[in-house]
Structures are given as structure tokens and as C-alpha cells.
Amino acid sequence: MNIHLYPLLILPLLPLQALAQTPSPTPADSTGPKTYQVGAVTVSARKKTTAKLQGAQGGDLLLKDELFKAACCNLGESFSTNPSVDVSYDDAATGAKQIKLLGLSGLYVQMLAENIPTLRGASNPFGLDYVPGTWMKSIQVSKGAATVKNGYESITGQINLEYLKPEDTPALHANLYGDTKSRAEANADANIHLNSHLSTEVLTHYENQWGHHDDNHDNFLDKPRRRQVNLQNRWLYKGDRYIFHGGISGLSEKRRGGQLAHVMAPGLERYQIRLDNDHYELYQKHAFILDPAHGTNVALVANGVYHDESAQYGHKLYDVTQKSLYAQLMVESQLSTLHSLSAGLSLVHDYYKQHLGLSTADPQAYWQIDATQLGRRRETVPGAYAQYTFNKDDKWIAMAGLRLDHSSLYGTFLTPRLHLKWAPSRLVTLRLSAGKGYRSPHALVERHYLLASGRQLTIGNLRQESAWNYGTSLAFNVPLGEHILNLGAEYYYTRFHNQAVVDYDSAPHQIIVDNLQGKSYSHVFQLDATYPIISSLTLTAAWRWNDARSTYGGKRLRVPMQSRYKSLFSLSYKPGMGLWQADATLQFNGGGRLPGSLITQPRFHSYPQLQAQVTRNFRHLSVYVGGENLTNFRQRQTIMGADNPWGEAFESTLVWGPVHGRMFYAGIRINFEKF
């Protein structure tokens, strides 16, 4: 740990020491109880930090106060208290992360920003770092087959991000953060109501990670140095029959990793990793309310993305430019008290321009890539969908949808999906789901971090990926004492018809990405329980079992670097008026298989992780201190062959556990309402 950064834990507290002696009103965004005085009776109601989605498509709703239980600096760090979603590193050299849901890669999770597809293609490897935590109002996590409204790409589920809104109460928020791994952040957002119809919002983010940490002493940076500037401006116009929502955003990020310069022997060439990303996005939504009495409306949604990336992995140079367009025209109507219908047209267009080369003359064959996965790639997919919903008092819900799309690369395909909900009482809810999903693989665009490996990268002529997903869940609300015990049980099965399989096993000096030859599937079973032990102390416990298998070189094996199980225990304590809050989460991650082509040990063992945070709330600000990976467990060897990064045995992409050890942080959140 860098002892020079310990003052970061103390300085934010010094000017507030006197204020801590006297109570202050609970801030508006806290999870403390709201108190109402009626005569001699005081009634308190505590805001929830999480909730269950109530429609036919179940899932979890993570509210802003749930995200604030941890540092939550970005989207990739927002699921530490959620038992369903895992976030792990793809490789130890670039800091690329991915979400894992239902035991499978995050590529099969459809990411949405306010129901618009996002973080696709070139932004996928590092996209979890592109959404600052302080910008988010909530996150909706749904598992299994999703609604056909948002397209055909969801296979294991959807994660929908809701940003802070221009129409929210006018406010100014700021967040300052620093940790013992040489990372500092500054965030600010403000929204203004210009008149009764028009409002705007500005979101800003700056991040700088400047340290040279090498805790495992392999002469490689444990995490790349990173600098990011991220801005977004959003607008809302709301009339009686017309609503407009639009915005523009821009991001610039630089990552620098690789060998430490000061440990290099004279005359040796330093292995460097350089990644420069620029991401720009423009979106707009138009809604026309035709018949308010029957909920009939027409909406047009459009989104444009430009992403430019320049990457260097040692001698390997990779550049990619992405231009994407998404448009959707939809009509919705409540036909009667029981029946509703939604239908629409959509268009998705993706253009990728790639270049892969070497910075020096080198006879070694670093890659063997099919021409379809290099150069210029264009795909245009027009589509149409219809979705019917039957809803009787929210007790019986049936939602059936069908999409028809035509890809300029893969032809015409159908996407059927079905969701059923039965809630005979407030105590029990049963859900069933089934549906198919598709996605177009862009192996190098989405996984160019594989170039950090010294092995030869081999990519075949990949077909469109497709899979069926089936799921069932049971939810129980059991009165127990003065509170309600929430219990959940769920099972999901995913079966691939075709998949782009990343094969580490078949050849010792190759990473092969090719079409599935055999079977690939995933079984996931999860149990969870939440109970307020007392009004100020809530316990959440969960256990999940994964069995994900695929075919590698003719052998059906467990998916590597995937934990077999995960158990989670989370405590949240917020007494009295909510001036103080303490949160702690303990995870036990089960062992799993390691690919056998270079590694002698066949599996990795289970390991624990503990994080904790204490928050002090004041009238207009909150001060928080905390720690992550307090058990200090980390993968002992994250980079193989680090002593010779130019050789075939160099490998940084076999990451199964924490890359970094114990870390402490501190920060201040400032909140001025109705400024």
C-alpha cells in the first residue's frame, strides 16, 4: 500500500469534525427514514435501496442509495452488493473488464442506456469504465429472455441504466474521490428548469490514475495508468401531447500499461501497452401522445455512435473506428383493461474500419485471422416486431413477442420470446420465460485485448451467434415477526446453437476463436433472502451455482476462469435519523477450471472478498471512507512469462481472481437542492 496516500482518508474529515457533534437533517438522497409528526404520533418510513421488477419480466432494481453503499466510481464497480452479476478482469495488462451473467460472458448481456442499446462493439472491452457511478439514478437487471422491443441481442439478460434526469428537482451534485492505489476522481452534475416545459442537465467526470503499482513484483503495472474526461449534456421538452428527450456526450481516455521503465536492464526493450479511446454519442427521443385515455402513443428513437481507438501491445498495432446508427419507430396502445399491444420498426447499422500491423519487422506470425474479421465490416439490420400483453390485476400476466430481422451479413431470422407471471397472493409470485437471442460476433473489435498474449491469435470465419434461454423463478414474501422475509429461487438454462468460442485448450501456443463444434450450455441456480433484522439493520444472503460448459477441440469442458459457485452476505446498518451508515459485503467465490495448454494446475481454488464502507451524512454533503478486498486475496500470478514478454509463453489474459490487493478510499458527496 502506498503510505503517502493515507492523508486521503483523513483530510475530508477534518473540516467536518465540529459538525459531527450535532445532528443535522437527513439529506434528500439518503436512505434514512422520512419522519412525519401527526399530533403525538410519529410515523417513519424508510426508503428502499433495492426493489423487484413487478412486470412479467422479473429482475432487480438497484436504486441510487444502493449504489452509494460502495465507492461505485463507475458501472463496473456498481454490482459489488448484487448476487446475480459478477464483474471480472479480462486481462491483467489493460484493465479490460466484463460483466458475467448466468455463468456466461458479458457479451451476451444486452446493455441499455434508458432503453437504447449501448456499449456495443469497440466500446465493449472498456465500456464499464465509461459510465460514472454518480451519473446513474438506477440500474435495472433482468435475467433470461428479454422483451423484443429492444432488439434481438439479449441472450442471458438485460442491464438498463437510468441516468439522472433533466426533469428532476433542480440540484447541484459533486463527488470527490481518492484511494490508496493512486486514483482520484471529480464528478459534478447540475440540472436547471429553464421554464415550465424545458429543462437541461450537464454531467461531468474527470479521472486520473497516475500510480506505478506492482504489488506482485513481476515488473508489470498491476493496473494501467489511466486518464479520462467524460461530458454529457441532456435536454427535455415536455408539452401536453409532445415530449422530446435528447443529448450529446463525449469521452476521451488514455491508458498506459506494461513493463515498469525504472526496472528495465540497460539495452532491453520495454514492453508497452498504449490505448487511446475517443467516444461520441448523440441521441434523441420523440413521443407523440395520440390518445391519453387509452395510452396510445407513437415514439421515434434515434442514436448515433462514433468510436475511435488506437492500441499498441508491444510490437502489435491495432486501430479501429466504429460508426453506428440505431433507430426505432414504435406504436403502443392499451386496447382494453386486459389487453395491450406494442409494435414497431427498427434499424441497426454498424460500420467498422480496422487495421492490424507491426511497429517493427518481425518474422514471427502473431496472428492468423480470417479476412471477414479484419478490414472494413458493414452490417445493416432492418427489423419489425409486435408484442402482445395480457394483464389481469397484475396477478396474471402473459407477454408474447416476435421479431423479424434481416441482416446484410447473415440473412433473415426470427426472434420469439414469451414471459408468464402468476401471483395468486402477495406472498407468492411465479414467473416463466423462454426466448431466443442472436448477436453478430466481431472477434477482434470486442476482444482485441487478446493481442496482449504472446500466443498466436487465430480467428476463423465466424457465423452469427444464437441461443435459447429458458428460466423460472419463485418469489416469497413471508411475514416474520414485525417484518417481511423476502425469499427468491430461480433457475436458468442457456443452450447455444452457434457460438464464437474462445479456445485456450487445443493448442499450447495459440488462442483460437472459432465457431462452436459440439455443445455449449449453462445451468444457473440461485437462492437469495433479504430480511430487516431490526428497522435499522438489513441482512441479505445469497448462494448461486454455475455449470457452464462448452466444446474445446472436440472435448466438452467447463468454461475456464468461471467460479462454480458464489455466496454473498451483505449487512447494511443505518440507525436513527440516518446520519451514519455502515455497509459490509462478504463474498465467497468458488473454484473453477483453468485451461490446460500452458498451465500445469487444472483448477483454481475458492477465495473470499470483503468490502466495507462507513458514511456520515450532513445537511448538504456526505463523507464516506471504505475499503475493498479487505481479505487481501489476489491471484498470485496474473501475468505468465512476465520475464520474457516477447516470447510465446507470455500470457496476461488468464485472470480468474482479484488482480489487486487491499485498497482503502475516501470521498465527499456534495448536494445542493433547488439552487
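For Arg447, there are no salt bridge (Lys or Arg N to Asp or Glu O under 4.0 Å) partners at least two apart in sequence or on another chain. Every residue two or more places apart in sequence or in another chain that forms a side-chain contact (heavy atoms from CB on, under 4.5 Å) with Leu358 is listed here: His315, Lys316, Asp362, Tyr366, Trp367. Listed by chain and number, the residues in a side-chain hydrogen bond (donor to acceptor under 3.5 Å, both in side chains) with Thr94 are Asp91 (sequence neighbours excluded). Under the salt bridge (Lys or Arg N to Asp or Glu O under 4.0 Å) criterion, Asp218 pairs with no residue, sequence neighbours left out. Partners of Tyr438 under the ring pair (Phe, Tyr, Trp, His ring centres under 6.0 Å) rule, at least two apart in sequence or in another chain, are Phe413. Residues passing the ring pair (Phe, Tyr, Trp, His ring centres under 6.0 Å) test with Tyr318, sequence neighbours excluded: His448.
Ion pair Lys238/Glu167 not flagged as a salt bridge, since none of the NZ, NE, NH1 or NH2 atoms sits closer than 4.0 Å to an Asp/Glu carboxylate oxygen. Salt bridge annotation for Glu162-Lys64: absent, with no cationic side-chain nitrogen under 4.0 angstrom from a carboxylate oxygen. A salt bridge does not link Glu153 with Arg439: every distance from a Lys NZ or Arg NE/NH1/NH2 to an Asp or Glu carboxylate oxygen is 4.0 Å or more. Ion pairing of Glu77 with Arg183 is present here, as a side-chain N (NZ or NE/NH1/NH2) and a carboxylate O approach within less than 4.0 Å. We find that Glu207 and Arg227 are not joined by a salt bridge, their nearest charged nitrogen and carboxylate oxygen being 4.0 Å or further apart. Salt bridge annotation for Lys165-Glu201: absent, with no cationic side-chain nitrogen under 4.0 angstrom from a carboxylate oxygen. A salt bridge links Asp405 to Arg403: one of the charged nitrogens lies within less than 4.0 Å of a carboxylate oxygen.
The nearest pair of heavy atoms linking Gln322 to Asp350 is NE2-OD1, 4.4 Å. Residue Pro441 comes nearest to Arg377 through the heavy atom pair O-NH2, 3.4 Å, listed as atom of the first residue, atom of the second, then distance. Listed here is the closest heavy atom pair of Ala311 and Leu275: CB-CD2, 3.5 Å. The two residues His279 and Val305 have their closest heavy-atom pair at CE1-CG1, 3.6 Å. Scanning both residues, Lys285 and Ile116, for their nearest heavy atoms gives CE-CD1, 3.6 Å.
Remark: the Arg669 side chain and the Tyr177 side chain contain no N/O donor-acceptor pair separated by less than 3.5 Å. Side-chain contact annotation: Asn617 with Ser622, donor-acceptor N/O pair under 3.5 Å present.
Residues Tyr130 and His205 keep their aromatic ring centres 6.0 Å or farther apart.
Geometrically, Arg376 does not engage Tyr352 in a cation-pi contact, judged by NZ or CZ lying under 6.0 Å from the ring centre and within 45° of the ring axis.
A donor-acceptor distance shorter than 3.5 angstrom exists from the side chain of Asn160 to the backbone of Glu114, with no hydrogens or angles considered.
Across Asp129, Asp276, Asn277, a single residue satisfies side-chain hydrogen bond (donor to acceptor under 3.5 Å, both in side chains) together with Arg255, and that is Asp129.
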